[in-house]
Amino acid sequence: MRRPPLSGLLALASTVPGVVVALAGIEPPAAVAALVFGAAIVGAAFLLAWAAEAAQVDVSAGLAVAVLALIAVLPEYSVDFVFTWRGGEAAAQYGAACGPPGAATPACSLALANMTGANRILVGVGWVLVVLIAWRRSRSRGIRLGRADAVPLAFLTIASLYCLLLPFKRTLTLWDTAVLVAVFAAYSWRVSRAPAGEPDLVGPSAWVGDLPKAPRRTAVIALFVVSAGVILLAAEPFAQSLVDTGAQLGISQFLLVQWVAPLASEAPELLVAGLYAWRLHTTEALGALVSSKVNQWTLLVGTLPLVFAISAGTTSGLPIEMAQRGELLLTAAQSLLAIALLLGLTLSLRSALLLAGLFVAQFVLAAVVPARWHDRELVWLSVLYLALAAVAVIRKRREVLPMLRDGLLTRYDELGDNLHCTTTGGGRLRLRSRRLVRLR
């Protein structure tokens with residue numbers, strides 16, 4: 001039997017310090033704790049991803065898709081649920097203000113900050129990263145998805161249009177939970193109809209997948225249990241250490257929660273997508289990130305009001321402060337622009353650079369524009385996103401109905417996805433079937 005890959009051992013080793021610190025009750029400095037528990041979450045997320053990939057050897061395609069959909073964003077869920085739970089506790093104690101009078105960052109704001117940051121990173125960094133790697137590796141001018149990828153894109157469109165209404169509400173309610181979870185359930189049922197495909201395993205997942213049947217299933221279950229246990233053990237102290245670090249160093253807690261925490265929880269997914277893109281499996285890489293966006297924009301957002309209601313002991317809903325309305329509007333606007341640019345199932349290099357530029361622009365504006373105008377800055381940038389989305393939709397208006405029809409109605413066996421392009425332009429056309437990859 002081959003030895004386990006070094007990357008798998010390193011991921012497992014990175015979880016050990018966090019587990020030891022948590023179980024031993026050690027209280028290191030806040031910055032050290034954030035690093036230790038953040039590394040544990042990242043390592044556990046890699047183990048989860050590899051276990052989920054290896055599980056495809058033994059389970060049906062539909063079940064694999066449903067499990068992968070939940071596992072891919074489990075680290076992000078765990079961290080965001082911690083902030084939401086604490087927001088509910090603060091609301092139970094202080095009311096809708098979610099904190100004592102004069103608090104710089106109300107607890108309820110942190111839950112929404114973590115969610116909006118994670119969603120914007122997935123598009124502004126993840127989608128762009130895949131296209132840039134494809135350009136670097138093959139000089140391609142973009143990535144072409146298969147017709148079957150219209151399925152997550154269609155459901156992402158529905159979710160984004162609904163979430164565009166959220167900034168105009170005062171609370172996220174259980175009604176929002178019902179709608180968004182229903183969208184996720186419909187999406188899960190739809191993708192479960194996909195035909196079985198042969199998994200393409202590499203690295204630790206390939207090592208596990210090559211094991212005999214009994215040891216393989218044991219290893220997959222063990223990886224699931226260990227990684228989930230590490231994430232649950234490290235999520236709360238990681239969230240608390242970020243808040244404490246901000247307080248001690250004079251750094252905005254909101255900034256740390258919105259960008260640093262999601263980077264830790266999203267890092268494995270982004271790295272795995274980057275590795276797939278490096279191997280020129282760009283269709284799989286971008287398709288996986290689009291599906292993850294659906295999961296985060298439906299199930300993650302939809303379950304926050306439920307977690308808040310349980311914690312706060314009320315059904316009044318998760319409060320949305322004025323600043324958070326701007327963040328929600330910007331996140332929904334970014335999603336709609338990304339969808340518009342992906343109409344026709346092609347994301348060009350120019351479109352990816354546009355998404356990257358707008359993503360960076362929010363930080364540049366935050367540094368240049370006075371703090372008192374921050375809310376206006378978010379609205380201006382959101383309007384720019386929406387205007388560009390409208391232009392893209394008008395230019396690609398003939399692609400809208402075919403995408404929705406394929407995504408929502410067309411049978412999977414009619415989507416003809418056995419052979420499709422993974423990169424466009426650059427003098428090479430890469431064609432990929434289920435079993436054969438060849439270059440022309």
Side-chain angles (χ1 to χ4, degrees), residues 122-124 126-128 130-131 134-135 138 140-165 183 186-187 190-191 193-195 282-294 297-298 331-358 382-432 440:
L122 197 59
V123 173
W127 290 25
V128 173
V130 170
V131 177
W135 172 80
S138 64
S140 66
R141 294 191 296 270
I143 296 176
R144 186 182 303 279
L145 299 178
R147 284 183 66 192
D149 292 303
V151 174
L153 191 61
F155 282 93
L156 180 58
T157 302
I158 295 172
S160 297
L161 289 173
Y162 181 81
C163 288
L164 190 61
L165 303 175
V183 173
Y187 167 67
R190 175 75 167 126
V191 297
R193 317 305 295 175
T282 49
T283 294
E284 291 87 343
L286 183 58
L289 291 179
V290 174
S291 297
S292 294
K293 174 66 175 176
V294 177
W297 212 208
T298 56
T331 306
Q334 184 206 45
S335 296
L336 290 172
L337 175 59
I339 294 167
L341 295 175
L342 201 51
L343 287 174
L345 299 177
T346 299
L347 186 62
S348 67
L349 178 62
R350 181 181 301 178
S351 297
L353 292 176
L354 175 61
L355 289 173
L358 291 172
S382 300
V383 170
L384 177 59
Y385 268 110
L386 293 174
L388 292 172
V391 172
V393 169
I394 292 173
R395 292 182 59 186
K396 300 182 178 182
R397 57 188 179 276
R398 295 181 180 178
E399 308 288 350
V400 175
L401 290 181
M403 182 273 290
L404 294 175
R405 181 177 61 250
D406 283 348
L408 301 176
L409 301 175
T410 305
R411 291 165 53 95
Y412 261 103
D413 56 8
E414 297 176 7
L415 292 180
D417 227 16
N418 289 340
L419 191 67
H420 55 263
C421 303
T422 60
T423 57
T424 61
R428 294 202 300 176
L429 176 62
R430 182 177 178 85
L431 300 177
R432 187 170 196 272
R440 283 185 177 178

Next item on the list: Decide side chain to side chain contact (heavy atoms under 4.5 Å, CB included) for L286 and T282; before the verdict, give the C-alpha distance in whole Å, the side-chain angles of both, and the deciding distance to 0.1 Å.
Entry: CA-CA 6 Å; L286 183 58; T282 49; over 6 Å; no
Next item on the list: Would you give the length of the straight line joining atom OG of S292 to atom CH2 of W127, rounded to the nearest 0.5 angstrom?
Entry: 10.5 Å
Item checked: Minimal non-hydrogen separation, L156 against W297, with atom names -> CD1-CD1, 3.9 Å
Margin query: Between S348 and G142 (side chain of the first, backbone of the second, donor and acceptor by atom type, cut-off under 3.5 Å), is there such a pair?
Written below: no
List the atom pairs, donor and acceptor, that lie under 3.5 Å between side-chain atoms in residues 331-342 and the rest of the protein, sequence neighbours left out.
| from | atom 1 | to | atom 2 | distance (Å) |
| --- | --- | --- | --- | --- |
| T331 | OG1 | R120 | NH1 | 2.9 |
| T331 | OG1 | E327 | O | 2.7 |
| Q334 | NE2 | R120 | O | 3.3 |
| S335 | OG | K293 | NZ | 2.9 |
| S335 | OG | T331 | O | 3.1 |

Margin query: Keeping T298 on the side-chain end and V294 on the backbone end, is there a donor-acceptor pair under 3.5 Å?
Written below: yes
Check: Can you check whether Y187's main-chain N or O pairs, donor with acceptor, with R190's side chain at less than 3.5 Å?
Finding: no
Notebook entry, point to check: Could you walk me through whether L388 and L354 pass the side chain to side chain contact (heavy atoms under 4.5 Å, CB included) check?
Noted result: CA-CA 10 Å; L388 292 172; L354 175 61; 4.1 Å; yes
Checklist line | Heavy-atom pair with the smallest gap, counting every atom of I394 and R397 | finding: O-NH1, 2.6 Å
Notebook entry, point to check: Out of E399, K396, R141, R144, which residue meets the side-chain hydrogen bond (donor to acceptor under 3.5 Å, both in side chains) rule with T346?
Noted result: R144
Item checked: E414 versus R147, closest heavy-atom pair with distance -> O-NH1, 3.3 Å
Check: For L145 and G287, which heavy atoms make the closest approach, and how far apart are they?
Finding: CD2-N, 4.2 Å
Next item on the list: Heavy atoms only: give me the nearest M403-L153 pair and the separation to one decimal.
Entry: CG-CD2, 3.8 Å
Next item on the list: Please examine the side chains of I143 and V130, heavy atoms only from C-beta on, and report whether any two atoms are closer than 4.5 Å.
Entry: yes
Margin query: Which heavy atom of L349 sits nearest to which heavy atom of V131, and what is that distance?
Written below: CA-CG1, 3.8 Å
